[in-house]
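Contents: one structure, followed by commentary.
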2 protein chains.
Amino acid sequence: MGRSEIMTAAIRHLNTDPAASMAEIAEAAGVSRATLHRHFSGREDLMLALAHQSLDRWAEAQAGAGIAEATASADPELVGRALHTLLTALIEIADEYGFGLADHAMAVHPELRPRAEELEEREVAFLTAAQRAGVLRADLPARWLSSAVLGLAVAARESLRRGDIARRDVPRLLLGTFFDGAAARDPGERTVPDGPGERTGNARKEGR
Amino acid sequence: MGRSEIMTAAIRHLNTDPAASMAEIAEAAGVSRATLHRHFSGREDLMLALAHQSLDRWAEAQAGAGIAEATASADPELVGRALHTLLTALIEIADEYGFGLADHAMAVHPELRPRAEELEEREVAFLTAAQRAGVLRADLPARWLSSAVLGLAVAARESLRRGDIARRDVPRLLLGTFFDGAAARDPGERTVPDGPGERTGNARKEGR
DNA sequence: CACTAGTGAGACATTTATGTATCATGTGCG
DNA sequence: CGCACATGATACATAAATGTCTCACTAGTG
């Protein structure tokens, strides 16, 4: 039982009870409270480690989607593919680390702010590039689009936990809503395919 | 200083620090901790009162938008107007009571569940009617659309608090994103007007 | 004035989570 | 075997929030 396994178990348990105590987390991880404290000096330390892990995942998602290259290029095709890949990866990250989104203390933590802001800036820059490339609407602030994606991811997470939607439908629902909106219109206009979604499926694998 | 004023102050303060203690809330409300306890038997009691108030507001928003009549009718025009009015009102409610959305304990409280579920059912029924009327896409579950709206409202709240967007732009951004999505396309297709939005402005007043 | 209701201030006990220290066990390795 | 190391169990001290109670003060009312 190393740090890594404990963190995995902690994530698992915190997703069912975001306010779980250290004792509960230790029990969920199958270790004693003492051992938990040997790996993490305190609750804040554990939360910080989890937060950093989520930021790692976020950074990986950005890199895996190739947003740096896509941002530099103006190729709509490249940007579009990167965008789909990124969003699909973000869905999973939000689902896994979503419990932290509610934690106000973490959002303001001085050790996390700079990292989170840098990742966000990269994302905003990428979204701005997507607007320039004609992939995304240019009449909405890129920063708002970034928040909107996160909001939809949180909504998807909630829906999943409540059993309202199937896990395999999430990418289609979220991407479909984000790109095309909820208003009815000519079906030929859809940006995201309604079908099984080969691209989405691949993006999921690539995101890892 | 009655219950009402204390609750208002509590909302105000909880929106800056969702984890505020009873002592802090009392101070923010300008009353002593003893007085706070005279009005609310405990933290749970206060939270419950606030939650009920938010559900009241939600119910009023539904009624004010006339979703019952709109659901019954199949008139796209009527449904469309009700939808805009409802969403605009929900934005404000989410902004004001958003601190509670993060509170897991409240979301599961046995006293609130039935009320929240009933309101949600009404909303889902209305959204389903909107799909039948051809106002909303029919290929996305109404329940998902309901969650998506909430997710976007939370995103808007966050953006507001971070100063990323202006308060007066929120309805346009949120409705624009929800209805039309973020993908670039022929500008003539937009469902939500880009202009100052007379309807939105009126809806705000009506929602109160 | 006398009375009452509401309030502020403070003391107190309780609960809960947390952080720390100690000791015994047990396992792997030299 | 003997040793180092990680762990579990346990006890202890601390901190913070909470709920309860008492007492004195004040404003308004009769």
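Values reported hereafter were calculated over all heavy atoms of this structure, with side chains retained and with hydrogens, waters and symmetry mates removed. Chain A is the first sequence line, chain B the second, and so forth, proteins listed ahead of strands; every chain is numbered from 1. Everything quoted here is computed from the prediction, not taken from an experiment.
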Q) Excluding sequence neighbours, so at least two apart, what forms side chain to side chain donor-acceptor pair (under 3.5 Å) with Asp56(B)? A) Arg115(B)
Q. If you measure from CG on Leu50(A) to CE on Met7(A), what distance do you get to the nearest 0.5 Å?
A. 4.5 Å
**Q.** Polar side-chain atom of Gln53(A) near backbone of Ser4(A) as donor-acceptor pair, under 3.5 Å
**A.** no
Q: Can you sort out the partners of Arg122(B) under side chain to side chain donor-acceptor pair (under 3.5 Å), two or more places apart, ordered by chain and number?
A: Glu118(B)
Q | Residues touching DNA chain C, which here means a heavy atom under 4.0 Å, drawn from residues 19-29 of chain A | A | Ser21(A), Met22(A)
Q | Pairwise salt bridge (charged side-chain N to carboxylate O under 4.0 Å, His left out) hits with a residue in residues 149-165 of chain A, at least two apart | A | Asp95(A)-Arg161(A), Arg162(A)-Asp164(A), Arg162(A)-Glu120(B)
Q. Listed by chain and number, what are the side chain to side chain donor-acceptor pair (under 3.5 Å) partners of His109(A), not counting sequence neighbours?
A. Glu44(A)
Q: Mind checking side chain to side chain donor-acceptor pair (under 3.5 Å) for Glu111(B) and listing every partner two or more places apart, or none if nothing turns up?
A: His52(B)
(Q) As a test of your reading of the structure, name each stem of DNA chain C as range with range, where a stem is three or more consecutive Watson-Crick or G-U pairs at under 3.5 Å. (A) C:1-30 with D:1-30
Q) Listed by chain and number, what are the ring-ring contact (aromatic ring centres under 6.0 Å, His included) partners of Phe179(B), not counting sequence neighbours? A) His84(B)
Q: List in chain and number order the residues that pass ring-ring contact (aromatic ring centres under 6.0 Å, His included) with Phe178(B), two or more places apart in sequence or in another chain; answer none if no residue qualifies.
A: none
Q. Does anyone know the first and last nucleotide of DNA chain D in reach of chain A, 5' to 3', at under 4.0 angstrom to a heavy atom?
A. dT7(D) to dA11(D)
Q: Show your reasoning for whether side-chain hydrogen bond (donor to acceptor under 3.5 Å, both in side chains) applies to Ser32(B) and Thr35(B).
A: CA-CA 5 Å; Ser32(B) 72; Thr35(B) 299; 3.2 Å; yes
Q. Which residues, if any, of residues 30-48 of chain A bring a heavy atom under 4.0 Å of DNA chain D?
A. Gly30(A), Val31(A), Ser32(A), Arg33(A), Ala34(A), Thr35(A), Arg38(A), His39(A)
What pairs of donor and acceptor atoms, side-chain ones from residues 141-154 of chain B against any protein atom, are under 3.5 angstrom apart with sequence neighbours left out?
unit_1, atom_1, unit_2, atom_2, d
Arg143(B), NH1, Glu121(B), OE2, 3.0
Arg143(B), NH2, Glu121(B), OE1, 3.3
Arg143(B), NH2, Glu121(B), OE2, 3.4
Trp144(B), NE1, Thr177(A), OG1, 2.8
Ser146(B), OG, Glu123(B), OE2, 3.3
Ser147(B), OG, Ser159(A), OG, 3.0
Ser147(B), OG, Arg143(B), O, 3.4

**Q.** Backbone N/O of Ala59(B) and side chain of Gln62(B): donor-acceptor pair under 3.5 Å
**A.** no
